[in-house]
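Here is how names work: the chains are called A, B, and so on, in the same order as the sequence lines, proteins then strands, and each is numbered from 1.
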Amino acid sequence: MDFKQVEKKWNEYWEKEGVNSFDKKGDNKYYVLEMFSYPSGSNLHLGHWYNYAPADSFARFKKMQGYNVFQPMGFDAFGLPAENYAIKTGIHPEDSTKRNIATMETQLRSMGAMFDWSSLLYTCSPEYYKWTQWLFLQLYKHGLAYQKQSPVNWCPSCNTVIANEQVVDGKCERCGAEIVRKNMTQWFFKITDYAEELLEGLKTLDWPEKTLTMQKNWIGRSEGGEVVFPLNEDNITVFTTRADTLMGVSYVVLAPEHPLVDKITTPECREQVEKYKIAASKASDIDRLSTVKEKTGVFTGAYCTHPISGEKVPVWIADYCLATYGTGAVMGVPAHDERDYEFAKKFGLDIKQVITGEGDTALPYVEYGTVINSGRFDGLSTPEAKKAILCYLKEKGLGGVKVNYRLRDWSVSRQRYWGAPIPIIHCDCCGAVPVPEEDLPVRLPYDVNFTPDGQSPLRKCDSFINVKCPKCGKPAHRDPDTLDTFVCSSWYYLRYPDSKNDKMPFDPELINKMLPVDKYIGGAEHACMHLLYSRFITKALRDMGYLKFDEPFRSLIHQGLILGSDGEKMSKSKGNTINPDFLVEEYGSDVLRLYLMFGFSYADGGPWNDDGIKSISKFLDRVERLVDTAIAEKEKPISNAKDAKELNYALNYCIKKVSEDMETFSFNTAVARIMELVNTMYKVSGCGSLFTEACEKLIRVLAPLAPHFAEEMHERMGFTPSIFKCEYPSCDESKLVRDEVEIAVQINSKMRAKMTIPTSLTEDEIKEHALSDPKIKELIGSASVKKFICIKGRLVNIII
RNA sequence: GCGAAGGUGGCGGAACGGCAGACGCGCUAGUUUCAGACGCUAGUGGUUAAUUCUCGUGAGGGUUCAAAUCCCUUCCUUCGCACCA
């Protein structure tokens, strides 16, 4: 078969007849969404194929089941790589991105997937980012966008902010200079306002268990309390989950970045504190939280007051305390916390035991127990003491119960060019003023110097930056930063159904009908960020009244990663990349997609193997020969009843299993079941018209998995196109009823024999049957049967 | 370091308390062919003369009539960790 000609023929036919397009007016919608891609290289790589092709087969399966399937495609086109590429080559990000998109779009079209091309979108087009900016303004108006100081990676040599990815071993990837953390004013989205609902909502989602767990841990809810340690006119507030150990506090630690540090440090400690702060600014959070690394810290010279005992408590700074978690301050209870114990040992701080328990209570004792050495709280259990102490603190105005989340607000400012400009104007009189909605989009200027030299690229563009304040009309300047690309991707699924609307970001009526997404497919690496941001944006828009659903993605699937044949991650530098173009050229797109589905467990992925794909090519040839046989058998009567029964069983078993497997993205077993049917069809004979009928159904079951091939076979068998307008075959359960079944016989749980019995037997009859079987009789011998376990249709286990 | 997964034949992978290795690659034999390729048929975890016994799901322990599957310990690998997307 000339697959090139066949693929071209059907791609054109589908396009012309609108076979793939979504019926906006129809009901029974099914929204299948694959995570859109970043147009980084110029070519579609195998990973894209692995994401899109099997997901498309799922979409086609749903279509054949009668759903009105909406499967859009687009590009997440802003981002760092295009800008880095521009710095290196001088090619403008807009030019390289547009060129990459054009290539990828052509390749995606040749894949033969049923994308609804009329909804295509690019996040870098002004028609799209106008609404990204609109989204920012809505969040701002509702108090969900705000500015605060926050640390960034700063390269003192390049004089610029650099991404985490560009920090290699604490050094700048470009120039090798040591990176320091520097505070800058940044925009944040208040995702923490939704922490509780984001956590609760997880219960309603049909998502992989591991993803739910990861999000849960990422949000990191912990119940505890706040405790205030007064220090002159200031208060140091700490968060703790172990308020019961409060009387064991021997010091308080502030994060080196804590705002109080400068104020409270005494002159004689100033030098060591400053030195320590510089050292801490060079360590990553991951290093700082390591429990194996030796603890470091310095004394500030200051003392705060214990809220209950009134004793003086020394205040230290240490990098194991993070400014971004809790209140940026912790109380040190060496007797009952491993890190505090290590810290106190090293610096000679007091270790006061205030909890005891049964058994081994060697310090640090971190288990729950009974309070001691704590005055009025002595004798209480840990949970009782937590309550009592926090209650007492509340009365004194020095703390109380508090729920804390690990989740931090979402930093959305980027000091870069290639992103959506932040629609804010800074005015000396009026402060931060939102750009009026009618002035959107704030267009990204083309002629910009984006070489890194200490300034946001947009700040150097006078025509962009200098504007009049929309409020007072005085000279003002635009915000020079752009938005994190995660902002663009946090709402694109809302734009797709109405992607050409120039009056609003989406039509609320339409969106309430189309959303949530019924099946979302993409990489597991997005578990905590993209997927959480999208959920937050959906909930925020709901509360503003723009939509009426709570969650954007009802059901989620992650595909695995295809590795190089050496088992390593594919990369140009390793030279182990597989170019799908060559494979499509040699085998055709159906064979490539079928192999991707058959050769791997979809959620796991694995190393690429050249031999496997050839076998799929042979498999389709095998099916093609079957079709030709079936055409010849069409008018013949059924002459072999036994084989006919066998064929009916195989056919209906295949239909049943494949339908189930397609539903769960278990493509490898779905293909295996089709291969089994094909094997059976090669074995049987004398099935006549039943054979032809079976073949027709086989082609339909295969259609979502090998669309061009199936369409061609369907036509060859004399049917009018398109096969995707046909119903998916349904299983005739009556054909699956068997008269006899072979079951295993175990004696003392060891496999000993097999026997074939009628399926109609009751448990007692099976027992009788088994015990009277001569071979089994012999195996049992003179021993007596103690117990008889019968699992119907599978096995019996005779304990003697 | 913290969080999340995963270790099954020569290989990709099935099974997810009930006959381990479905399906495929590879390999072996037969068949077709002038020959090869292709196709078709059969076999294929180790061990063995033998469906003969036995051993086998990273390692060690446990629960159970029964464990790849559940529990504990341990080793190894992969992914994420908030400015890559």
Smallest separation among heavy atoms of A/Ala527 and A/Thr211, with atom names: CB-CG2, 3.8 Å

Base-contact (B) and sugar-phosphate-only (S) positions in nucleotides 25-30 of chain B, heavy-atom cut-off under 4.0 Å, - elsewhere: S-----

Distance, rounded to the nearest Å, where A/Lys614 contributes NZ and B/rC38 contributes P: 11 Å

Length of the CG-P vector between A/Asn679 and B/rA22, whole Å: 12 Å

Between A/Thr482 and A/Trp418: side-chain donor-acceptor atoms closer than 3.5 Å: no

Chi angles and distances behind the side chain to side chain donor-acceptor pair (under 3.5 Å) call for A/Ser749, A/Asn797: CA-CA 6 Å; A/Ser749 309; A/Asn797 189 1; 3.2 Å; yes

Within 6.0 angstrom of A/Gln149 CD, more than 12 heavy atoms from elsewhere: yes

Contact pattern, 5' to 3', of nucleotides 69-75 of chain B - B, S or - by protein heavy atom under 4.0 Å: -------

Touch class at under 4.0 angstrom, heavy-atom based, for A/Asp604 against every strand present: nothing

A/Trp187 and its side chain to side chain donor-acceptor pair (under 3.5 Å) partner, picked from A/Asp409, A/Asp479, A/Asp481: A/Asp479

Pairs involving residues 663-684 of chain A, ordered by first then second residue, that meet salt bridge (charged side-chain N to carboxylate O under 4.0 Å, His left out) (sequence neighbours left out): A/Lys62-A/Glu663, A/Arg673-A/Glu676

Nearest-angstrom distance from the residue atom CZ of A/Phe667 to C1' of B/rG24: 18 Å

Watson-Crick or G-U counterpart of B/rA29, or none if no pair lies under 3.5 Å: B/rU41

Parallel, tilted or perpendicular, as decided by the 30° and 60° cut-offs, for the rings of A/His526 and A/Phe486: perpendicular

Proximal nucleotide (of B/rA15, B/rC65, B/rC23) relative to the A/Glu676 side chain: B/rC23

Phosphate OP1/OP2 of B/rC53: any A/Arg752 side-chain N/O under 4.0 Å: no

Reading 5' to 3' through nucleotides 77-85 of chain B, protein heavy-atom contacts under 4.0 Å coded B for base, S for sugar-phosphate only, - for none: ---SBBBBB

Glycosidic class, syn or anti, of B/rG9 using a 90° window around 0: syn

Whole-Å C1' distance, B/rA59 and B/rA68: 14 Å

Pairwise 5' ranking along RNA chain B for A/Glu209 and A/Ala744, keeping only the more 5' one: A/Glu209

Identity of whatever pairs with B/rU54 - Watson-Crick or G-U, under 3.5 angstrom: B/rG46

A/Phe600 CZ to B/rA14 P, straight-line distance once rounded to whole Å: 12 Å

Closest nucleotide among B/rA4, B/rA66, B/rC19 to the A/Thr213 side chain: B/rA4

Atom of A/Val330, atom of A/Cys321 and distance for their closest heavy-atom approach: N-SG, 4.1 Å

Pairwise C1' distance, B/rG21 and B/rA15 [rounded to whole Å]: 9 Å

Separation between the C1' atoms of B/rU64 and B/rC72, rounded to whole Å: 16 Å

Rounded P spacing from B/rU33 to B/rA20 in Å: 43 Å

Results of salt bridge (charged side-chain N to carboxylate O under 4.0 Å, His left out) for A/Asp484 - residues two or more places apart only: A/Arg414

Donor + acceptor pair across side chains of A/Asn679, A/Arg622 (<3.5 Å): yes

Side chain of A/Met675 (C-beta onward), nearest among B/rG18, B/rA5, B/rG24: B/rG24

Partner nucleotide, any strand, of B/rC2 [Watson-Crick/G-U, under 3.5 Å]: B/rG80

Spacing of the C1' atoms in B/rG45 and B/rC19 (rounded, Å): 16 Å

Pairwise distance CD1(A/Ile799) to OG(A/Ser784) - rounded to 0.5 angstrom: 12.0 Å

Atom pair distance, as rounded to whole Å: NZ in A/Lys787 and C1' in B/rU64: 9 Å

A/Arg593 NZ/CZ over A/Trp49 ring centroid, <6.0 Å and within 45° of normal: no

Pairwise C1' distance, B/rU69 and B/rG17 [rounded to whole Å]: 6 Å

Modelled atom types, side-chain donor and acceptor of A/Trp491 and A/Tyr128, under 3.5 Å: yes

Whole-angstrom distance between B/rU51 and B/rG46, as gauged at atom C1': 15 Å

Atom pair distance, as rounded to whole Å: CD in A/Glu338 and P in B/rC2: 10 Å

Pairing partner (Watson-Crick or G-U wobble, both distances under 3.5 angstrom) of B/rU64: none

Exam field: side chain A/Tyr52 to backbone A/Met35, donor-acceptor pair closer than 3.5 Å: yes

Length of the line joining A/Phe619:CZ and B/rC38:P, which is rounded to integer Å: 19 Å

Residue whose nearest RNA chain B nucleotide is more 5′ - A/Tyr595 or A/Ala672: A/Tyr595

Between B/rA4 and B/rU8 - P atom distance, rounded Å: 22 Å

Sugar-phosphate only, base, or nothing, as touched by A/Phe598 at under 4.0 Å among non-hydrogen atoms: base

N or O in side chain of A/Asn217 less than 4.0 angstrom from B/rC2 OP1/OP2: no

Interatomic distance where CZ belongs to A/Phe665 and C1' belongs to B/rA14 [whole Å]: 20 Å

Nucleic acid contacts - residues 789-800 of chain A versus RNA chain B, non-hydrogen atoms under 4.0 Å: A/Ile789, A/Ile791, A/Arg794, A/Leu795, A/Asn797, A/Ile799

Side-chain donor or acceptor of A/Lys767 paired with backbone N/O of A/Val796 under 3.5 Å: no

Sugar-phosphate, base or nothing in reach of A/Arg625, heavy atoms under 4.0 Å: sugar-phosphate

For B/rG12, the Watson-Crick or wobble partner whose two distances fall under 3.5 Å: B/rC23

Mutual orientation of the aromatic rings belonging to A/Phe78 and A/Tyr129 [parallel < 30°, tilted 30-60°, perpendicular > 60°]: tilted

Donor on one side chain, acceptor on other, A/Tyr38 and A/Asn100, under 3.5 Å: no

